[in-house]
Colleague: 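Below is one structure. I have some questions about it.
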Amino acid sequence: MITLVLSLPDALRYRFVVSPVGEVVLLARAIAMPGSFTQGAPAAWLRRHDLARRRLERERDLRPLLAVLAAGPYFPDFLTPTPFSVLGEIEQEFAQVRATGEDQVRAEVERTLAQYETLDPEVAERLRQPGAAELLADLLARIWETLVAPSWPRIRDVLERDILYRSRALARGGLTSLFAGLAPLVTLDEPNVRIRSAGYDSTRAVGGQGLQLRPSAFIWPHAAASLDESQPAEIFYPARGVAALFSEGHRQDGALGSLIGSTRAQILCLLAEPMHTSAVARLIGRSPGNVADHLKALRGSGLIERARVGRHVIYSRTALGDALFVGGEARSAGLVRRDRLALAENS
């Protein structure tokens, strides 16, 4: 169990961030520790991309990266830099990793390797050489290019929707509402936030630096926290709606489809979670222009509403739209197939 002790200033200072490098690190950790990730989102993702992963492992020696990620509960903090903005940019984050000072790299690598009883001397020597940060960033970049980048728009959509949902929860009911959907992985026991973490027990007084909340597509069914005292405390938690990454939108002629059309029924089902036009288009495999036409019709019928959030116009179901799903209509329509992975969603 990791316990973060909050002060009043911490309770007022929250920041959500999306980190593409953070997602790559979590997926790489699943590659490094297959015995600990036999189930859950990262394992399912790796099974889906098994051929690409195997090809990558044949082409590149990933051992230095896998060694630092499999050593134990701790791995180097410099591998998960804090994004400069809410939506981190991959090249900028890799630049942060590469720019880490040699003293910090050496200290964190040594702390990591100290968790091993035995380690291949060649791998240990490579990690102790100058330029270790560059080496690890290059290996992470290859994993990004092969296993994450092709699907990043969809992954980012899921993470953005989670932030929107939790921001609204925070506005409605404060910290209690914010953390309510994350139990038992993350719980609020004021003034403490507790993160369930197998094999790791630590307490940190946040001390007014505030909390960073980082939703992840590749951490379920776990949660984690960064305890780097030089940075604000971070909580990595499973994003809501991760199952959407393993779903395939498809046409159906169920009762709801007969009533409003199968494509509009698909869209209305998806809008149980607020999202923007491009996200809907990616999920159902249609053009944004086509989806925009259907959204206009649904809005004209009073089934959905829209609101501008940052750079996006976000659509969500109205009470009337929700009413169409009473009695399990969404399930009977079979609008989103979830047969490839049974993922628990925090809701």
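Treat the numbers as computed from the prediction; the structure is a model and nothing was measured.
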Colleague: Quick one: closest heavy-atom pair of Gly302 and Thr318, and the distance?
Modeller: O-OG1, 2.7 Å
Colleague: Using every non-hydrogen atom in the two residues, find where Ala28 and Leu65 come nearest and quote the distance to one decimal.
Modeller: CB-CD2, 4.2 Å
Colleague: Between the side chain of Glu102 and the main-chain N/O of Gly131, is any donor-acceptor distance below 3.5 Å?
Modeller: yes
Colleague: Over all heavy atoms of both residues, which pair between Arg161 and Ala279 is shortest? Give the atoms and the distance, please.
Modeller: NH1-CB, 4.1 Å
Colleague: Tell me the closest heavy-atom pair linking Glu234 and Val17, and the distance in Å.
Modeller: OE2-CG2, 3.9 Å
Colleague: Would you confirm whether Glu93, through its side chain, and Ser19, through its main-chain N or O, come within 3.5 Å as a donor-acceptor pair?
Modeller: no
Colleague: Are the side chain of Thr146 and the backbone N or O of Ala52 linked by a donor-acceptor pair below 3.5 Å?
Modeller: no
Colleague: Ile260 and Leu298: side-chain contact (heavy atoms from CB on, under 4.5 Å), yes or no, with the steps?
Modeller: CA-CA 9 Å; Ile260 64 173; Leu298 290 169; 4.2 Å; yes
Colleague: How far apart are the C-alpha atoms of Arg142 and Glu145, what are their side-chain angles, what is the distance that settles it, and do they pass the salt bridge (Lys or Arg N to Asp or Glu O under 4.0 Å) test?
Modeller: CA-CA 5 Å; Arg142 290 305 304 272; Glu145 294 163 2; 3.6 Å; yes
Colleague: Are the side chains of Arg166 and Tyr237 in touch, meaning some heavy atoms are under 4.5 Å apart?
Modeller: yes
Colleague: Looking at every non-hydrogen atom in both residues, tell me the closest pair between Val21 and Leu79 and how far apart they are.
Modeller: CG1-O, 3.4 Å
Colleague: Quick one: do Arg53 and Asp50 make a salt bridge, cutoff under 4.0 Å?
Modeller: yes
Colleague: May I ask you to decide whether Arg154 forms a salt bridge with Asp157, counting only side-chain N to carboxylate O separations under 4.0 Å?
Modeller: no
Colleague: May I ask you to test the Ser216-Glu23 pair for a side-chain heavy-atom distance under 4.5 Å?
Modeller: yes
